[in-house]
Amino acid sequence: QVTLKESGPGILQPSQTLSLTCTFSGFSLSTYGMGVGWIRQPSGKGLEWLANIWWDDDKYYNPSLKNRLTISKDTSNNQAFLKITNVDTADTATYYCARIAPITIAATYYWYFDFWGPGTMVTVSS
Amino acid sequence: DIQMTQSPASLSASLEEIVTITCQPSQDIGNYLSWYQQKPGKSPQLLIHSATSLADGVPSRFSGSRSGTQYSLKINRLQVEDTGIYYCLQGYSAPYTFGAGTKLELK
């Protein structure tokens with residue numbers, strides 16, 4: 001059974017660094033093709049992809065956050081992490097982590113988010 | 001960046017009706033398209049991946065298709081539990097982008 005759960009500080013002040021943890025079970029980030037992604041959603045708004053990390057430590061970031069993102073993983077402890085530096089009120093959102101599931105169809109590798117955590121709310125306020 | 005134009009933004013339909021939501025990418029995304037359903041206060045749930053493959057446990061009334069460069073999610077025989085917001089996601093090229101969402105309500 002695959003589960004993921006996000007944890008974070010809840011509230012933080014502008015200019016601080018947001019540190020998020022995704023603790024998961026039911027799969028390993030050392031398994032070929034697996035990965036974890038981070039997605040956020042401001043209240044009442046749509047979904048924004050932030051970053052992905054794959055089993056081989058390959059990483060992809062959303063450049064709209066201007067190099068403020070760092071994604072990492074701890075394979076031994078089944079955790080993935082996301083740091084966002086220099087936060088401001090625009091970073092207030094619910095943050096989700098999700099498992100990246102790979103599939104090969106007709107020799108083409110596809111991926112998608114098949115399991116999501118419940119999300120953690122983050123408020124940036126002075 | 002690849003833009004995903006999702007339509008309609010909102011939709012009101014009757015029980016048992018057929019509903020179609022579309023996503024038009026700004027460039028070819030080669031079937032790297034997945035669909036998600038989100039209910040209020042909950043995390044998104046995967047419906048369709050690789051444009052046309054039904055995710056495990058998803059009712060067969062949901063289906064995904066591609067026509068040219070446009071991708072569609074179809075719900076046959078709309079049920080009460082199908083209300084929510086639907087999003088498409090392109091996984092072809094980073095930054096990966098979601099459509100703006102379609103809010104589906106019952107008439």
Side-chain angles (χ1 to χ4, degrees), chain A residues 1-6 22 26 33 35-54 58-67 69 71 93-121, chain B residues 1-10 21 23 25 28-58 62 64 66 71 73 84-104:
Chain A
Q1 181 188 3
V2 174
T3 64
L4 304 96
K5 187 170 184 180
E6 309 85 351
C22 175
V36 166
W38 287 93
I39 304 98
R40 72 180 179 182
Q41 183 173 39
S43 180
K45 297 194 176 180
L47 300 166
E48 179 182 28
W49 172 77
L50 299 176
N52 285 357
I53 188 166
W54 265 267
D58 203 7
K59 302 166 187 173
Y60 289 84
Y61 295 104
N62 192 328
S64 70
L65 275 81
K66 296 182 176 63
N67 302 316
L69 300 175
I71 192 170
T94 295
Y95 286 76
Y96 298 101
C97 64
R99 186 179 83 157
I100 294 170
I103 189 168
T104 301
I105 300 174
T108 300
Y109 170 93
Y110 297 95
W111 69 270
Y112 47 91
F113 295 123
D114 63 345
F115 290 93
W116 295 60
T120 185
M121 287 187 61
Chain B
D1 298 4
I2 297 176
Q3 309 304 317
M4 299 298 292
T5 302
Q6 186 172 341
S7 61
S10 62
I21 298 166
C23 269
D28 179 33
I29 61 170
N31 286 349
Y32 283 82
L33 191 284
S34 47
W35 290 96
Y36 303 85
Q37 177 196 60
Q38 187 177 33
K39 294 198 174 277
K42 301 292 187 182
S43 52
Q45 301 292 305
L46 175 70
L47 298 173
I48 301 287
H49 64 82
S50 317
T52 60
S53 298
L54 191 66
D56 292 343
V58 176
F62 290 91
R66 173 183 175 179
Y71 296 81
L73 172 70
I85 302 177
Y86 291 79
Y87 295 95
C88 61
L89 167 68
Q90 70 82 12
Y92 179 76
S93 173
Y96 308 116
T97 41
F98 289 90
T102 295
K103 186 174 184 179
L104 175 59

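Letters go in sequence order (proteins before strands), and every chain restarts at 1. These numbers were taken from a predicted model, which means no experiment stands behind them.
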Subject >> Per-residue contact mode, Tyr36(B) against chain A (heavy atom under 4.5 angstrom) >> reply: side chain
Subject >> Rounded distance (nearest 0.5 Å) linking atom OG of Ser43(B) with atom CZ of Phe115(A) >> reply: 11.5 Å
Original post:
Quick one: CD on Gln90(B) to CH2 on Trp49(A), what's the gap to the nearest 0.5 Å?
Top reply: 9.5 Å
Original post:
Could you walk me through whether Phe113(A) and Leu46(B) pass the side-chain contact (heavy atoms from CB on, under 4.5 Å) check?
Top reply: CA-CA 7 Å; Phe113(A) 295 123; Leu46(B) 175 70; over 6 Å; no
**OP:** Go through the steps for Tyr110(A) and Asn31(B) under the test side-chain contact (heavy atoms from CB on, under 4.5 Å), then give the verdict.
**Re:** CA-CA 8 Å; Tyr110(A) 297 95; Asn31(B) 286 349; 3.9 Å; yes
Original post:
Which answer fits Gln41(A), side chain, backbone, both or neither, if we ask what part of it has an atom under 4.5 Å from a heavy atom of chain B?
Top reply: side chain
Original post:
Which bit of Tyr32(B) is near chain A, if near means a heavy-atom gap under 4.5 Å: side chain, backbone, both or neither?
Top reply: both
**OP:** Compute the ring centroids of Trp111(A) and Tyr96(B), then answer whether they are less than 6.0 Å apart.
**Re:** yes
Subject >> Contact origin within Leu50(A) toward chain B - heavy atom pairs under 4.5 Å >> reply: neither
Subject >> Inter-residue atom distance Trp116(A).CH2 - Gln45(B).CD, 0.5 Å rounding >> reply: 9.0 Å
**OP:** Determine the option with the most heavy-atom pairs under 4.5 angstrom with chain A, choosing from Ala94(B), Gly91(B), Ser34(B).
**Re:** Gly91(B)
Original post:
Around atom NZ of Lys42(B), are there more than 12 heavy atoms of other residues, nucleotides or ligands at under 6.0 Å?
Top reply: no
Original post:
More than 12 non-hydrogen atoms from neighbouring residues, nucleotides or ligands closer than 6.0 Å to CG on Asp56(B), yes or no?
Top reply: no
**OP:** Determine whether Pro95(B) and Ser64(A) make a side-chain contact, defined as any pair of heavy atoms from C-beta on separated by less than 4.5 Å.
**Re:** no
Original post:
At a heavy-atom separation under 4.5 Å, does Ser53(B) approach chain A through its side chain, its backbone, both, or neither?
Top reply: side chain
**OP:** Identify which part of Tyr96(A) has an atom lying under 4.5 Å from any heavy atom of chain B, answering side chain, backbone, both or neither.
**Re:** side chain
**OP:** Could you tell me which portion of Ile103(A) (side chain, backbone, both or neither) has an atom closer than 4.5 angstrom to a non-hydrogen atom of chain B?
**Re:** side chain
**OP:** Would you give the length of the straight line joining atom CG of Leu47(A) to atom CD1 of Ile85(B), rounded to the nearest 0.5 angstrom?
**Re:** 8.5 Å
